[in-house]
Number of protein chains: 2
Amino acid sequence: MLTQERKRYLLQVLKQQGKLEAKAVAAELGLSDDTIRRDLRELAAAGMLQRVHGGALPKSPAEADLDARKSIASGSKQEIGKTAAGLIKPDQVVIVDGGTTAMQLVKNLRQDQKNTIVTHSPTIAVALSPYPLITVIMIGGTLFRHSMVNIGAATVEAASHIHADTFFMGVTGVDVKAGLSTGDLEEAYVKRALSLRAADTIVMASSEKLQVASPYVVMPLEKASGIVLEKNTSSPFKKLMKQSGLDVFVGGKNNERKGHVL
Amino acid sequence: MLTQERKRYLLQVLKQQGKLEAKAVAAELGLSDDTIRRDLRELAAAGMLQRVHGGALPKSPAEADLDARKSIASGSKQEIGKTAAGLIKPDQVVIVDGGTTAMQLVKNLRQDQKNTIVTHSPTIAVALSPYPLITVIMIGGTLFRHSMVNIGAATVEAASHIHADTFFMGVTGVDVKAGLSTGDLEEAYVKRALSLRAADTIVMASSEKLQVASPYVVMPLEKASGIVLEKNTSSPFKKLMKQSGLDVFVGGKNNERKGHVL
DNA sequence: CACGCTTTTGCATATATTTGCACGTTTCTT
DNA sequence: AAGAAACGTGCAAATATATGCAAAAGCGTG
């Protein structure tokens, strides 16, 4: 690979991803870290990018073509949201939980996606409004500000009238012993109720949620059908999930569901 | 994640959310609190934000793009919203319709206002979330994008379990002969249902809605208890309203309700 | 093709930065 | 006033960086 070609590639990565990690690119191109660092140093001297410890960033934040709102999410949640969105098949009826990870799922839907999405989060409902082919059904209740979801008896009751294919659930704790857990009792009830209304429940969990037990248990791990994880989740943990009977989905791969009917 | 990238992220959070809690961000990014605190300290030293105990705030309050939308509203709707908000008494349970005028009502609530607000609009629910003392109850249903309100049988059914003091209703047509009307049949049903669940129904109508008949009738004028109008509405029209038995409220005046029990 | 020259690349070493933790202090809450 | 939470500082381990150097590859000239 030519040096100049490589430099152009670096700038392209920067524009496309909004950031660049020297070590990762070096590994990707099969070169030493030093070489990439040298390139970055030179590009920075030429004013083409801003050199930072560990890699580089666009000279001005605005220069990334990323949707500003998308980039506000930590890369990990964005990755999980994208993977989860990819699991939704045309014309399915899915329930989408509240929370930032679920929000990333919404942001990663395709404009031409045709589905019915049920949610008990007004924030998610508002975020869904730009997608013309998606029918949005809201479940009411008492608004719980902390997570911006509706909770309470009314929510559980309203959910009982729904039958969905998949429930995409966010939790704050995923642990083999403690199961799936969250920080609020009412929220746990609602998540459980929603899970019962869907043929499959798929958990979305970024790394900081793993092997953590929150105060209120939603359900044991085995009750879920699958889990979406970050690509770089440790293999032992992925294995644990599989041993609990869950399908494991990570970004990048071709995620064909097997073992469960969608 | 790169250090500088994280700092940009912190600033972005601050701009978008108007505040930042160190601990919450640390958990979200899977880093120690110390690291975030260090970042905030450095950003504060660089004058990029204001450090406060527990997190950070934008350097100048104006820098949050929060209230940006408030100023977009036409003066007339803002005026009507303010007048309507002033009619809400402490601890009342009120139903708030969807739409831009209702949004102005929300924006004009006081931070220390203590009420229960019922709404079938996810947009309104989200807008209400910054008011700590307001209990928000959402009525679910199928999202009708055009007005960002939930409609359909589920909405009407859920409404039937509510008893409120006042319903603040938006309509697209107010006419003595045609009554109160709107542009969508389902929306009309919902408005009617909500009206029946409140002791009083107060209509919010900016000048362009007056003496206009929209396709679907919500109810005759006399069924409403009051109407909020712009200050400079023609006196004959105000008189017509009074003759139909409605209390007329306009901005600036001391709006004491009389003739109807709140 | 041989030769010297330049460029590029990877390595070794020394230096700098980042990060999490421990500990004592300050600030908030009740 | 007491307890909890957040804070700053110093420190050590991990990581990233700059620099000098040498090997390898590319280049032009004769």
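Here is the naming used below: chain letters follow the sequence lines, and residue numbers restart at 1 for every chain.
From A/Leu49, atom CG reaches atom CG of A/Leu20 across 8.0 Å, with rounding to the nearest 0.5 Å. In this structure, NE2 on B/His161 lies 11.0 Å from NE2 on B/His163, to the nearest 0.5 angstrom.
In this structure, B/Arg6 fails the cation-pi test against B/Tyr9, since its NZ or CZ atom is not both closer than 6.0 Å to the six-membered ring centre and inside 45 degrees of the ring normal.
Within a 6.0 Å radius of CZ in A/Phe237, more than 12 heavy atoms belonging to other residues, nucleotides or ligands are found. More than 12 heavy atoms of other residues, nucleotides or ligands sit less than 6.0 Å from atom NZ of A/Lys7.
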Residues 138-153 of chain A, side-chain donor-acceptor partners within the protein, below 3.5 Å, at least two apart:
residue: A/Arg145; atom: NE; partner: B/Ser129; partner atom: O; Å: 2.8
residue: A/Arg145; atom: NH1; partner: B/Ile134; partner atom: O; Å: 3.0
residue: A/Arg145; atom: NH2; partner: B/Tyr131; partner atom: O; Å: 2.6
residue: A/Arg145; atom: NH2; partner: B/Ile134; partner atom: O; Å: 2.5
residue: A/Ser147; atom: OG; partner: A/Glu187; partner atom: OE1; Å: 3.1
residue: A/Ser147; atom: OG; partner: A/Glu187; partner atom: OE2; Å: 3.2
residue: A/Asn150; atom: ND2; partner: A/His120; partner atom: O; Å: 3.3
residue: A/Asn150; atom: ND2; partner: A/Ile139; partner atom: O; Å: 2.9

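The span of DNA chain D lying next to chain A, judged by atoms under 4.0 Å from heavy atoms, is bounded 5' to 3' by D/dA16 to D/dT19.
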Open item on the list: Generate the contact string for nucleotides 5-16 of chain C. Rules: B means base contact, S means sugar-phosphate contact only, - means no protein heavy atom under 4.0 Å.
Closed with: ---SBBBB----

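With respect to the salt-bridge test (charged N to carboxylate O, under 4.0 angstrom), the residues B/Lys19 and B/Glu21 qualify.
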Task: side chain to side chain donor-acceptor pair (under 3.5 Å) between A/Lys77 and A/Thr100, intermediate numbers included - done: CA-CA 8 Å; A/Lys77 287 193 179 162; A/Thr100 50; 3.2 Å; yes

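Atom-to-atom, NZ of B/Lys23 to P of C/dT27 comes out at 19 Å; the value is rounded to the nearest Å.
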